[in-house]
Every structure is written in structure tokens, then in C-alpha cells.
Amino acid sequence: MKSYRKELWFEVPTRRAFINITQEVNACLRESGIKEGLGLVNAMHITASVFINDDESGLHQDYERWLEHLAPHEPVSQYKHNRTGEDNADAHLKRQIMGREVVVAITEGRLDLGAWERIFYGEFDGRRKKRVLVKIIGE
Ligand code: ZN
């Protein structure tokens with residue numbers, strides 16, 4: 001069995017963003033040389049997500065509005081976590097909803113995604129460097 005590991009780095013200039021990372025993950029798959037197996041992609045930070053959905057800007061605005069409704073950033077004083085001196089309690093909650101990782105089947109050397117499935121990095125507390133782990137195992 002082959003095993004491949006790579007860290008993708010992001011420094012999002014805004015507090016929140018959704019970034020399509022499907023091509024970066026595809027590049028990892030090509031580099032791995034693995035044809036059949038499984039690929040794991042996970043955020044290595046507790047205020048960021050990796051998820052799969054449609055690359056459609058209206059949907060991303062809907063996510064932003066929905067997440068802000070569920071866990072508004074302001075007022076930051078509403079969250080006990082922010083008593084630590086941080087202001088990112090909402091980002092921890094948003095990350096929990098959008099998820100930590102995805103697992104994608106690798107078939108015939110390709111990411112075996114549905115027609116409209118794309119892999120996204122979800123940033124909820126940006127403006128600093130963060131990592132995403134790509135781990136691919138198989139033959
Ligand atoms: Zn925090």
C-alpha cells in the first residue's frame with residue numbers, strides 16, 4: 001500500500017471565506033501516483049472546515065447568511081469562550097456545523113466525486129496562516 005501526505009497552506013485576508021480546493025487536492029492525487037484508494041482532506045484548525053458542495057456563489061452567500069444567523073460574530077461578549085480574550089467563539093461553532101474533513105474515493109487515478117461535488121476550505125477566523133492536511137492511501 002502507498003501512502004501520501006501533504007499540507008496545503010492558506011492565509012485568507014478576510015475573517016471568513018470559502019475556497020474551492022478541488023484542483024489542489026487533484027494535484028496531490030497526481031503527485032501521489034495512487035490509482036485506487038481513499039483520500040482524506042481535513043482542516044488542521046478548530047476554526048476552519050473542509051466540506052464538499054456546489055461551487056455556486058449564491059449558495060456560498062446563503063451559507064454565510066445561515067451561519068451568521070446561527071452563530072453571529074457580534075456581539076462577541078455573548079460567548080463564554082470569548083472571555084478567554086479571544087473573539088472567535090462564532091468561528092468554532094461555524095466550523096462544527098460545516099465539518100472538519102471529507103473522505104473521497106480514488107478510482108482509476110481520479111477523485112471519484114459526483115457531478116457537482118467540489119471540495120472547499122471554509123475559513124471562519126482568517127487573516128493568519130492555516131493548514132489543510134491531505135492524506136491519500138491506496139495502490
Ligand atoms: Zn477560540
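If you're wondering where the values come from, they're calculated on a predicted model, not measured in any experiment.
- With values rounded to the nearest 0.5 angstrom, L111 atom CG is found 5.0 Å from I106 atom CD1.
- For the pair L113/V104, a side-chain contact is recorded, criterion being any heavy-atom separation below 4.5 Å from C-beta on.
- Here the straight-line distance linking atom CE of M44 with atom CG of N42 works out to 6.5 Å at 0.5 Å rounding.
- By the criterion of side-chain heavy atoms lying less than 4.5 angstrom apart, applied directly or through intervening Ile, Leu, Val, Met, Phe, Trp or Tyr residues, F10 is grouped together with V134 in one hydrophobic cluster.
- Side-chain atoms of I137 and M1, non-hydrogen and from C-beta on, do get closer than 4.5 Å to each other.
- Ion pairing of K35 with E139 is absent here, as no side-chain N (NZ or NE/NH1/NH2) approaches a carboxylate O to less than 4.0 Å.
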Requested in this report: Take V50 and F120 through the side chain to side chain contact (heavy atoms under 4.5 Å, CB included) test and state the conclusion after the steps.
Outcome: CA-CA 6 Å; V50 172; F120 289 89; over 6 Å; no
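- I52 is connected to I19 through a chain of hydrophobic side-chain contacts under 4.5 Å among Ile, Leu, Val, Met, Phe, Trp and Tyr, so both are in one cluster.
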**Report entry** Full working for side chain to side chain contact (heavy atoms under 4.5 Å, CB included) between I119 and V102
**Finding:** CA-CA 8 Å; I119 306 170; V102 300; 4.2 Å; yes
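- Atom OG of S3 is separated from atom CD1 of I136 by 9.5 Å, given to the nearest 0.5 angstrom.
- Between Y121 and F51, the distance separating the two ring centers is not shorter than 6.0 angstrom.
- Between the NE2 atom in H69 and the CG atom in D62 there is a gap of 13.5 Å [rounded to 0.5 Å].
- Applying the side-chain contact (heavy atoms from CB on, under 4.5 Å) criterion to L59, with sequence neighbours excluded, gives N53, D54, E56, Y63.
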Report task. Carefully, step by step, assess D55 and N20 under the rule side chain to side chain donor-acceptor pair (under 3.5 Å). Result -> CA-CA 7 Å; D55 192 5; N20 185 337; 2.9 Å; yes
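- In this structure, R127 and P13 approach most closely via the heavy-atom pair CG-O, 3.2 Å.
- Contact detail for F18 and G122: the closest heavy-atom pair is CD2-CA, 3.8 Å.
- R110 contributes atom CZ, which lies 10.0 Å from atom CG of L29 (distance to the nearest 0.5 angstrom).
- Side-chain contact between L40 and E101: present, with at least one pair of heavy atoms (C-beta onward) separated by less than 4.5 Å.
- Residues L70 and I97 meet the side-chain proximity criterion, which asks for heavy atoms closer than 4.5 Å.
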Query raised in the report: Are I21 and V41 close enough, and set up right, to give a side chain to side chain contact (heavy atoms under 4.5 Å, CB included), and what steps lead you there?
Result: CA-CA 10 Å; I21 61 169; V41 187; 4.0 Å; yes
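- Between the side chain of E31 and the backbone N or O of C28 there is no donor-acceptor pair closer than 3.5 Å.
- E86 and H81 share a side-chain donor-acceptor pair at under 3.5 Å.
- Between the R95 side chain and the H45 main chain, a donor and an acceptor come within less than 3.5 Å of each other.
- Atom-to-atom distance recorded for W9:CH2 and K129:NZ is 6.0 Å, nearest 0.5 angstrom.
- The shortest non-hydrogen separation linking G33 to K2 is O-NZ, 3.1 Å.
- We find that R15 and D90 are not joined by a salt bridge, their nearest charged nitrogen and carboxylate oxygen being 4.0 Å or further apart.
- A side-chain donor-acceptor contact under 3.5 Å links E36 to the backbone of E108.
- Side chain of K94 to main chain of E64: no donor-acceptor pair is present (N/O by atom type, distance under 3.5 Å, no hydrogens or angles).
- E123 places a side-chain N or O within 3.5 Å of a backbone atom of D125 that can act as its donor or acceptor partner.
- Ion pairing between a basic and an acidic side chain is recognised when a charged N comes within 4.0 Å of a carboxylate O; E11 and K130 show no such pairing.
- In plain terms, the two heavy atoms of A48 and A43 that are nearest each other are O-CB, 3.4 Å.
- For Q78, the CD atom counts as densely surrounded, since its 6.0 Å shell holds more than 12 non-hydrogen atoms of other residues, nucleotides or ligands.
- One N or O on the side chain of N82 and one on the backbone of V76 form a donor-acceptor pair closer than 3.5 Å.
- Ring centroids of F124 and H92 are separated by 6.0 Å or more, keeping the two rings apart.
- No continuous path of ILVMFWY side-chain contacts below 4.5 Å connects V25 to M98, so the two sit in separate hydrophobic clusters.
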Query raised in the report: What do the steps show when you test H73 against D87 for side chain to side chain contact (heavy atoms under 4.5 Å, CB included), and what is the final call?
Result: CA-CA 8 Å; H73 177 66; D87 68 350; 4.2 Å; yes
